[in-house]
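Heads up: the structure comes next, in C-alpha coordinates.
Here, residue 1 is the first one in the sequence, and each next residue gets the next number.
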Amino acid sequence: HVYGGWFDIFLMGTINGYIGMKKNAATVSARAGTRMIIGPWGHGPSQSYGGVDFGVNANMKMFDRELKFYDFHLKGIKNGLDREDPVQLFYMGINKWRSEKDYPLPDTKYTPLYLTSGGKANSVTGNGLLVSEQPNTGGIDKYAYDPLNPVITLGGNNCCGTPTDAGPADQRPIERREDVLVYSSDFLTAPLTIAGPVKIKLFAATDAKDTDWMIKLIDVYPDGKSMPVSEGILRAKFREGLDSPRLLNPGQVYEYNIEMTGTANVFLPRHRIRIDITSSNFPQFDRNPNTGAPLGTSAETRVAQQSIYHGNTYPSHVLLPVVRAVE
(Lines give C-alpha, C1' and ligand atoms only; values in the text may rest on other atoms or scores of the structure.)
Protein backbone atom coordinates (compact mmCIF):
# COMPACT_ATOMS: atom_id res chain seq x y z
CA HIS A 1 0.00 0.00 0.00
CA VAL A 2 1.69 3.20 -1.19
CA TYR A 3 0.56 6.79 -1.15
CA GLY A 4 2.11 10.05 -2.23
CA GLY A 5 1.55 13.53 -3.66
CA TRP A 6 1.47 14.94 -7.16
CA PHE A 7 4.12 17.46 -6.02
CA ASP A 8 6.22 15.17 -3.85
CA ILE A 9 9.88 14.68 -4.71
CA PHE A 10 9.27 10.91 -4.37
CA LEU A 11 6.20 10.80 -6.65
CA MET A 12 7.78 8.61 -9.32
CA GLY A 13 9.04 6.21 -6.66
CA THR A 14 5.48 5.91 -5.38
CA ILE A 15 4.14 5.20 -8.86
CA ASN A 16 6.92 2.80 -9.83
CA GLY A 17 6.53 1.00 -6.50
CA TYR A 18 2.86 0.37 -7.21
CA ILE A 19 3.48 -0.75 -10.80
CA GLY A 20 6.35 -2.99 -9.73
CA MET A 21 4.36 -4.68 -6.98
CA LYS A 22 1.30 -5.07 -9.20
CA LYS A 23 3.34 -6.78 -11.90
CA ASN A 24 6.15 -8.53 -10.06
CA ALA A 25 5.13 -9.30 -6.48
CA ALA A 26 5.94 -12.89 -5.51
CA THR A 27 2.38 -14.04 -4.82
CA VAL A 28 -1.04 -13.64 -6.40
CA SER A 29 -2.44 -12.20 -3.16
CA ALA A 30 0.34 -9.63 -2.95
CA ARG A 31 -0.27 -8.52 -6.52
CA ALA A 32 -4.04 -8.36 -5.97
CA GLY A 33 -3.65 -6.52 -2.68
CA THR A 34 -1.43 -3.71 -3.95
CA ARG A 35 -2.98 -0.27 -3.46
CA MET A 36 -2.00 3.32 -4.35
CA ILE A 37 -3.36 6.72 -3.32
CA ILE A 38 -2.07 10.00 -4.77
CA GLY A 39 -3.35 13.39 -3.62
CA PRO A 40 -2.54 17.02 -4.51
CA TRP A 41 0.13 17.07 -1.85
CA GLY A 42 3.80 17.45 -1.23
CA HIS A 43 5.42 15.01 1.18
CA GLY A 44 2.25 14.24 3.10
CA PRO A 45 -1.48 15.03 3.01
CA SER A 46 -2.71 18.62 3.14
CA GLN A 47 -5.58 20.76 1.91
CA SER A 48 -3.44 23.56 0.51
CA TYR A 49 -0.05 23.33 -1.14
CA GLY A 50 2.08 25.73 -3.13
CA GLY A 51 -0.46 28.50 -2.67
CA VAL A 52 -3.40 26.47 -4.04
CA ASP A 53 -6.35 25.37 -1.88
CA PHE A 54 -7.58 22.03 -3.22
CA GLY A 55 -10.66 21.86 -0.96
CA VAL A 56 -11.50 20.07 2.28
CA ASN A 57 -11.66 16.64 0.64
CA ALA A 58 -8.02 16.84 -0.40
CA ASN A 59 -6.67 16.39 3.12
CA MET A 60 -7.15 12.65 3.53
CA LYS A 61 -6.72 11.36 7.07
CA MET A 62 -4.06 8.74 6.44
CA PHE A 63 -4.22 7.37 10.00
CA ASP A 64 -7.77 6.16 9.35
CA ARG A 65 -6.63 4.63 6.08
CA GLU A 66 -3.67 2.90 7.70
CA LEU A 67 -5.84 1.58 10.53
CA LYS A 68 -8.25 0.06 7.98
CA PHE A 69 -5.29 -1.59 6.22
CA TYR A 70 -3.89 -3.11 9.41
CA ASP A 71 -7.33 -4.19 10.65
CA PHE A 72 -7.87 -6.09 7.41
CA HIS A 73 -4.43 -7.70 7.11
CA LEU A 74 -3.48 -8.24 10.75
CA LYS A 75 -6.81 -8.69 12.52
CA GLY A 76 -8.77 -10.27 9.69
CA ILE A 77 -11.57 -7.71 9.97
CA LYS A 78 -13.73 -7.79 6.85
CA ASN A 79 -13.93 -4.02 6.30
CA GLY A 80 -14.23 -4.04 2.52
CA LEU A 81 -10.62 -3.21 1.70
CA ASP A 82 -10.42 -6.16 -0.67
CA ARG A 83 -13.44 -4.92 -2.65
CA GLU A 84 -12.01 -1.46 -3.33
CA ASP A 85 -10.46 -0.42 -6.61
CA PRO A 86 -6.67 -0.55 -6.23
CA VAL A 87 -6.00 3.10 -7.15
CA GLN A 88 -7.38 6.37 -5.85
CA LEU A 89 -6.36 9.55 -7.66
CA PHE A 90 -7.12 13.19 -6.90
CA TYR A 91 -7.98 15.13 -10.04
CA MET A 92 -6.74 18.68 -9.85
CA GLY A 93 -8.69 21.32 -11.73
CA ILE A 94 -12.00 20.00 -10.40
CA ASN A 95 -10.64 18.88 -7.00
CA LYS A 96 -12.28 15.45 -6.91
CA TRP A 97 -11.15 11.95 -5.98
CA ARG A 98 -11.87 8.98 -8.27
CA SER A 99 -11.17 5.28 -7.86
CA GLU A 100 -9.41 3.57 -10.77
CA LYS A 101 -8.89 -0.04 -11.82
CA ASP A 102 -5.16 0.38 -12.40
CA TYR A 103 -2.35 2.82 -13.20
CA PRO A 104 -1.84 3.76 -15.97
CA LEU A 105 -5.61 3.72 -16.54
CA PRO A 106 -6.65 0.91 -18.92
CA ASP A 107 -8.64 3.26 -21.20
CA THR A 108 -5.90 5.87 -21.56
CA LYS A 109 -5.67 7.54 -24.99
CA TYR A 110 -2.16 8.93 -25.38
CA THR A 111 -2.68 12.15 -27.31
CA PRO A 112 0.06 14.31 -28.86
CA LEU A 113 0.15 18.09 -28.80
CA TYR A 114 2.80 19.48 -31.15
CA LEU A 115 5.15 22.39 -30.60
CA THR A 116 5.13 25.13 -33.23
CA SER A 117 5.88 28.84 -33.46
CA GLY A 118 6.61 31.78 -35.70
CA GLY A 119 10.28 31.44 -34.78
CA LYS A 120 10.19 33.22 -31.43
CA ALA A 121 8.62 31.25 -28.60
CA ASN A 122 10.79 33.11 -26.09
CA SER A 123 8.81 34.13 -22.98
CA VAL A 124 5.07 34.32 -22.50
CA THR A 125 4.92 37.24 -24.96
CA GLY A 126 6.35 35.08 -27.77
CA ASN A 127 4.50 33.19 -30.51
CA GLY A 128 4.89 29.59 -29.34
CA LEU A 129 1.85 27.36 -29.82
CA LEU A 130 0.65 23.86 -28.93
CA VAL A 131 -1.48 22.33 -31.68
CA SER A 132 -3.28 19.01 -32.12
CA GLU A 133 -2.17 18.40 -35.71
CA GLN A 134 1.45 17.93 -36.73
CA PRO A 135 2.55 21.10 -38.59
CA ASN A 136 3.33 20.77 -42.30
CA THR A 137 6.34 23.06 -42.07
CA GLY A 138 9.34 23.12 -39.77
CA GLY A 139 10.65 25.72 -37.38
CA ILE A 140 13.32 26.48 -34.80
CA ASP A 141 13.24 28.41 -31.54
CA LYS A 142 16.52 29.54 -29.99
CA TYR A 143 17.70 30.78 -26.63
CA ALA A 144 20.92 31.17 -24.69
CA TYR A 145 21.42 29.28 -21.43
CA ASP A 146 23.92 30.93 -19.08
CA PRO A 147 24.76 28.83 -15.99
CA LEU A 148 25.67 32.07 -14.19
CA ASN A 149 22.11 33.33 -14.67
CA PRO A 150 19.97 30.19 -14.25
CA VAL A 151 16.17 30.02 -14.20
CA ILE A 152 15.22 29.83 -10.55
CA THR A 153 13.24 27.02 -8.97
CA LEU A 154 9.62 28.10 -8.67
CA GLY A 155 7.43 25.37 -7.23
CA GLY A 156 7.42 21.84 -8.60
CA ASN A 157 8.18 18.42 -7.16
CA ASN A 158 10.26 18.87 -4.07
CA CYS A 159 10.38 18.06 -0.42
CA CYS A 160 10.85 19.15 3.11
CA GLY A 161 11.45 22.90 2.78
CA THR A 162 14.35 22.89 0.32
CA PRO A 163 13.56 24.89 -1.75
CA THR A 164 10.69 26.35 0.26
CA ASP A 165 8.38 27.13 -2.68
CA ALA A 166 7.51 23.60 -3.82
CA GLY A 167 4.14 22.73 -5.31
CA PRO A 168 1.90 24.38 -7.92
CA ALA A 169 3.46 27.85 -7.74
CA ASP A 170 2.44 30.40 -10.38
CA GLN A 171 5.06 30.29 -13.16
CA ARG A 172 4.47 33.78 -14.56
CA PRO A 173 7.57 35.34 -12.93
CA ILE A 174 9.93 33.02 -14.83
CA GLU A 175 7.85 32.89 -18.02
CA ARG A 176 8.89 36.51 -18.64
CA ARG A 177 12.47 35.37 -19.30
CA GLU A 178 13.86 35.16 -22.83
CA ASP A 179 15.58 31.86 -21.97
CA VAL A 180 12.23 30.18 -21.30
CA LEU A 181 10.33 28.96 -24.37
CA VAL A 182 6.55 29.03 -23.92
CA TYR A 183 4.12 27.02 -26.08
CA SER A 184 0.40 27.50 -25.35
CA SER A 185 -2.73 25.92 -26.79
CA ASP A 186 -5.87 27.77 -27.81
CA PHE A 187 -8.44 28.40 -25.10
CA LEU A 188 -10.28 25.14 -24.45
CA THR A 189 -13.99 24.94 -25.22
CA ALA A 190 -14.56 21.65 -23.39
CA PRO A 191 -12.89 19.94 -20.40
CA LEU A 192 -9.86 17.74 -21.09
CA THR A 193 -9.08 15.12 -18.44
CA ILE A 194 -5.64 13.57 -18.13
CA ALA A 195 -4.31 11.00 -15.68
CA GLY A 196 -1.12 9.00 -15.85
CA PRO A 197 2.39 9.28 -17.26
CA VAL A 198 3.38 12.35 -19.28
CA LYS A 199 6.19 12.27 -21.82
CA ILE A 200 7.73 14.70 -24.26
CA LYS A 201 9.62 13.95 -27.47
CA LEU A 202 12.01 16.82 -28.05
CA PHE A 203 14.23 17.44 -31.06
CA ALA A 204 17.00 19.79 -30.01
CA ALA A 205 20.56 20.90 -30.68
CA THR A 206 23.15 22.83 -28.71
CA ASP A 207 26.63 24.17 -29.40
CA ALA A 208 27.81 22.56 -26.14
CA LYS A 209 29.11 19.06 -25.39
CA ASP A 210 26.48 18.65 -22.68
CA THR A 211 23.49 20.63 -21.40
CA ASP A 212 20.12 20.17 -19.67
CA TRP A 213 16.52 20.21 -20.90
CA MET A 214 13.88 21.23 -18.35
CA ILE A 215 10.19 20.79 -19.23
CA LYS A 216 6.97 21.79 -17.44
CA LEU A 217 3.34 20.98 -18.29
CA ILE A 218 1.13 23.84 -17.16
CA ASP A 219 -2.58 24.56 -16.69
CA VAL A 220 -3.14 28.22 -17.62
CA TYR A 221 -6.17 29.75 -15.90
CA PRO A 222 -8.45 32.38 -17.49
CA ASP A 223 -6.82 35.08 -15.35
CA GLY A 224 -3.37 34.09 -16.65
CA LYS A 225 -2.23 32.11 -13.61
CA SER A 226 0.21 29.45 -14.79
CA MET A 227 -0.04 26.34 -12.58
CA PRO A 228 2.42 23.49 -13.20
CA VAL A 229 1.00 19.96 -13.07
CA SER A 230 3.97 17.89 -14.33
CA GLU A 231 7.69 18.37 -14.89
CA GLY A 232 10.71 16.55 -16.21
CA ILE A 233 14.41 17.17 -16.70
CA LEU A 234 17.13 15.40 -18.65
CA ARG A 235 20.88 15.87 -18.65
CA ALA A 236 21.67 15.42 -22.33
CA LYS A 237 24.66 13.11 -21.89
CA PHE A 238 22.37 10.62 -20.11
CA ARG A 239 19.88 10.51 -23.02
CA GLU A 240 20.62 6.78 -23.51
CA GLY A 241 20.51 5.98 -19.78
CA LEU A 242 22.40 6.77 -16.61
CA ASP A 243 24.68 3.82 -17.29
CA SER A 244 25.56 5.05 -20.81
CA PRO A 245 26.74 8.67 -20.62
CA ARG A 246 27.69 10.09 -24.02
CA LEU A 247 28.68 13.66 -24.76
CA LEU A 248 27.04 15.51 -27.64
CA ASN A 249 28.33 16.50 -31.04
CA PRO A 250 27.82 20.28 -30.95
CA GLY A 251 25.26 21.42 -33.52
CA GLN A 252 23.76 17.98 -34.10
CA VAL A 253 20.00 17.54 -33.71
CA TYR A 254 19.16 14.78 -31.23
CA GLU A 255 15.86 13.16 -30.36
CA TYR A 256 15.23 13.26 -26.61
CA ASN A 257 12.48 11.23 -24.94
CA ILE A 258 11.93 12.85 -21.57
CA GLU A 259 9.82 11.22 -18.88
CA MET A 260 7.83 13.67 -16.81
CA THR A 261 6.09 13.23 -13.48
CA GLY A 262 2.70 11.53 -13.43
CA THR A 263 -0.36 13.68 -12.86
CA ALA A 264 -4.16 13.85 -12.84
CA ASN A 265 -5.71 17.12 -13.93
CA VAL A 266 -8.80 18.44 -15.65
CA PHE A 267 -8.08 21.35 -18.00
CA LEU A 268 -11.33 23.31 -17.89
CA PRO A 269 -13.02 25.45 -20.56
CA ARG A 270 -11.36 28.87 -21.03
CA HIS A 271 -8.10 27.35 -19.75
CA ARG A 272 -5.06 26.69 -21.93
CA ILE A 273 -2.47 23.89 -21.93
CA ARG A 274 1.13 25.05 -21.91
CA ILE A 275 4.64 23.63 -22.21
CA ASP A 276 7.61 25.60 -20.86
CA ILE A 277 11.12 24.62 -21.98
CA THR A 278 14.41 25.87 -20.60
CA SER A 279 17.77 24.49 -19.46
CA SER A 280 17.92 25.10 -15.71
CA ASN A 281 15.88 24.85 -12.53
CA PHE A 282 18.19 26.04 -9.77
CA PRO A 283 18.70 25.23 -6.92
CA GLN A 284 16.38 22.20 -7.18
CA PHE A 285 18.74 20.81 -9.82
CA ASP A 286 22.42 21.62 -10.12
CA ARG A 287 23.37 23.81 -13.05
CA ASN A 288 24.91 22.16 -16.07
CA PRO A 289 28.13 24.11 -16.84
CA ASN A 290 27.79 23.17 -20.55
CA THR A 291 31.48 22.21 -20.77
CA GLY A 292 31.17 18.42 -20.84
CA ALA A 293 33.77 18.19 -18.09
CA PRO A 294 33.18 15.58 -15.35
CA LEU A 295 30.92 17.10 -12.72
CA GLY A 296 32.62 18.53 -9.67
CA THR A 297 36.04 18.84 -11.29
CA SER A 298 35.98 22.44 -12.51
CA ALA A 299 34.34 25.80 -11.80
CA GLU A 300 34.40 26.70 -15.51
CA THR A 301 31.10 27.46 -17.24
CA ARG A 302 30.10 28.53 -20.72
CA VAL A 303 26.95 29.92 -22.31
CA ALA A 304 25.13 27.35 -24.46
CA GLN A 305 23.21 28.33 -27.57
CA GLN A 306 20.09 26.13 -27.63
CA SER A 307 17.84 25.27 -30.58
CA ILE A 308 14.46 23.54 -30.27
CA TYR A 309 13.22 22.05 -33.55
CA HIS A 310 9.58 21.35 -34.37
CA GLY A 311 7.27 20.72 -37.31
CA ASN A 312 7.24 18.18 -40.13
CA THR A 313 10.81 16.84 -40.03
CA TYR A 314 11.28 17.20 -36.28
CA PRO A 315 7.83 16.70 -34.71
CA SER A 316 8.54 17.74 -31.11
CA HIS A 317 5.44 16.99 -29.03
CA VAL A 318 4.11 16.29 -25.57
CA LEU A 319 2.13 13.07 -25.10
CA LEU A 320 -0.84 13.56 -22.79
CA PRO A 321 -2.61 10.61 -21.07
CA VAL A 322 -6.20 11.53 -21.89
CA VAL A 323 -8.88 9.59 -19.96
CA ARG A 324 -12.63 9.66 -19.53
CA ALA A 325 -14.18 12.66 -17.84
CA VAL A 326 -14.59 12.73 -14.07
CA GLU A 327 -18.25 12.92 -13.06
Side-chain angles (χ1 to χ4, degrees), residues 9 12-13 115 117 119-123 126 128 138-154 156-158 162-163 174-175 177-183 198-217 228 230-261 275-311 313-319:
I9 195 171
M12 296 310 291
L115 278 57
S117 78
K120 194 177 188 304
N122 310 74
S123 87
I140 309 173
D141 290 302
K142 298 183 178 183
Y143 65 96
Y145 158 50
D146 183 354
L148 299 183
N149 183 28
V151 176
I152 63 168
T153 296
L154 187 58
N157 289 68
N158 224 297
T162 308
I174 61 177
E175 288 176 339
R177 296 177 56 130
E178 289 290 307
D179 56 356
V180 177
L181 302 184
V182 179
Y183 301 88
V198 180
K199 298 179 180 179
I200 187 165
K201 182 183 293 291
L202 190 69
F203 292 90
T206 177
D207 68 350
K209 293 181 179 180
D210 188 29
T211 196
D212 290 351
W213 306 113
M214 177 72 211
I215 318 293
K216 293 182 181 180
L217 171 66
S230 176
E231 65 180 32
I233 191 168
L234 177 68
R235 181 144 292 180
K237 71 178 181 181
F238 295 123
R239 62 195 178 278
E240 297 177 18
L242 293 174
D243 57 346
S244 302
R246 287 184 173 82
L247 294 178
L248 303 170
N249 295 320
Q252 180 177 333
V253 180
Y254 289 89
E255 176 183 325
Y256 298 95
N257 293 288
I258 303 173
E259 181 182 20
M260 301 173 66
T261 53
I275 290 291
D276 286 355
I277 300 175
T278 189
S279 292
S280 51
N281 183 351
F282 181 78
Q284 180 174 350
F285 296 98
D286 69 321
R287 299 162 300 159
N288 195 317
N290 301 322
T291 62
L295 297 179
T297 62
S298 172
E300 179 187 358
T301 66
R302 68 182 297 276
V303 177
Q305 301 298 327
Q306 317 289 57
S307 298
I308 302 299
Y309 290 73
H310 45 73
T313 304
Y314 299 109
S316 294
H317 64 272
V318 63
L319 204 59

According to salt bridge (Lys or Arg N to Asp or Glu O under 4.0 Å), does anything in residues 293-306 pair up with another residue at least two apart or in another chain? List the pairs.
D207-R302

As a quick check of understanding, evaluate side chain to side chain donor-acceptor pair (under 3.5 Å) for Y145 and T206, giving each step before the final call.
CA-CA 10 Å; Y145 158 50; T206 177; over 6 Å; no

Who are the salt bridge (Lys or Arg N to Asp or Glu O under 4.0 Å) partners of D179, not counting sequence neighbours?
R177

Contacts of D141 that satisfy salt bridge (Lys or Arg N to Asp or Glu O under 4.0 Å) - sequence neighbours left out:
none

For Y309, ring-ring contact (aromatic ring centres under 6.0 Å, His included) partners two or more places apart
Y314

Show the nearest heavy-atom pair for residues V303 and A144, with the distance to one decimal.
CG1-CB, 4.0 Å

[X] vs [Y] side-chain heavy atoms within contact, under 4.5 Å:
X    : Y    : value
L242 : K237 : no
I308 : Y183 : yes
I200 : M260 : yes
F282 : P147 : no
L202 : H310 : no
D212 : M214 : no
V182 : I275 : no
Q306 : W213 : yes

Hey, could you give me the [atom1]/[atom2] distance between [X] and [Y], rounded to the nearest 0.5 Å?
X    : Y    : atom1 : atom2 : value
S280 : F285 : OG    : CZ    : 11.5 Å
T153 : N158 : OG1   : CG    : 7.0 Å
I215 : E231 : CD1   : CD    : 11.0 Å
F203 : T313 : CZ    : OG1   : 9.5 Å
Y143 : L181 : OH    : CG    : 6.0 Å

In chain order, what residues pass the side-chain hydrogen bond (donor to acceptor under 3.5 Å, both in side chains) check against [X], with sequence neighbours excluded?
X    : answer
N157 : none
D276 : none
K142 : none
T261 : S230

Using the rule given for side chain to side chain donor-acceptor pair (under 3.5 Å), can you reason through E175 versus S123, listing the C-alpha separation, both sets of side-chain angles and the distance that settles it, and then say yes or no?
CA-CA 5 Å; E175 288 176 339; S123 87; over 6 Å; no

Side-chain donor or acceptor of N122 paired with backbone N/O of E178 under 3.5 Å
yes

Applying side-chain contact (heavy atoms from CB on, under 4.5 Å), name anything that partners [X], two or more places apart in sequence or on another chain.
X    : value
T297 : A293, P294
L148 : D146, R287, T301
I152 : I174

Working for side chain to side chain contact (heavy atoms under 4.5 Å, CB included), residues K199 and V318:
CA-CA 6 Å; K199 298 179 180 179; V318 63; over 6 Å; no

T211-N290 side chain donor-acceptor pair, cut-off 3.5 Å
yes

With a 3.5 Å cut-off and sequence neighbours excluded, list the donor-acceptor pairs that the side chains of residues 244-258 form with protein atoms.
residue : atom : partner : partner atom : Å
R246    : NH1  : E240    : OE1          : 2.7
N249    : ND2  : Q252    : OE1          : 2.9
Q252    : OE1  : Y254    : OH           : 3.4
Y254    : OH   : N249    : N            : 2.8
E255    : OE2  : K201    : NZ           : 2.6
E255    : OE2  : N257    : ND2          : 3.4
N257    : OD1  : K201    : NZ           : 2.8

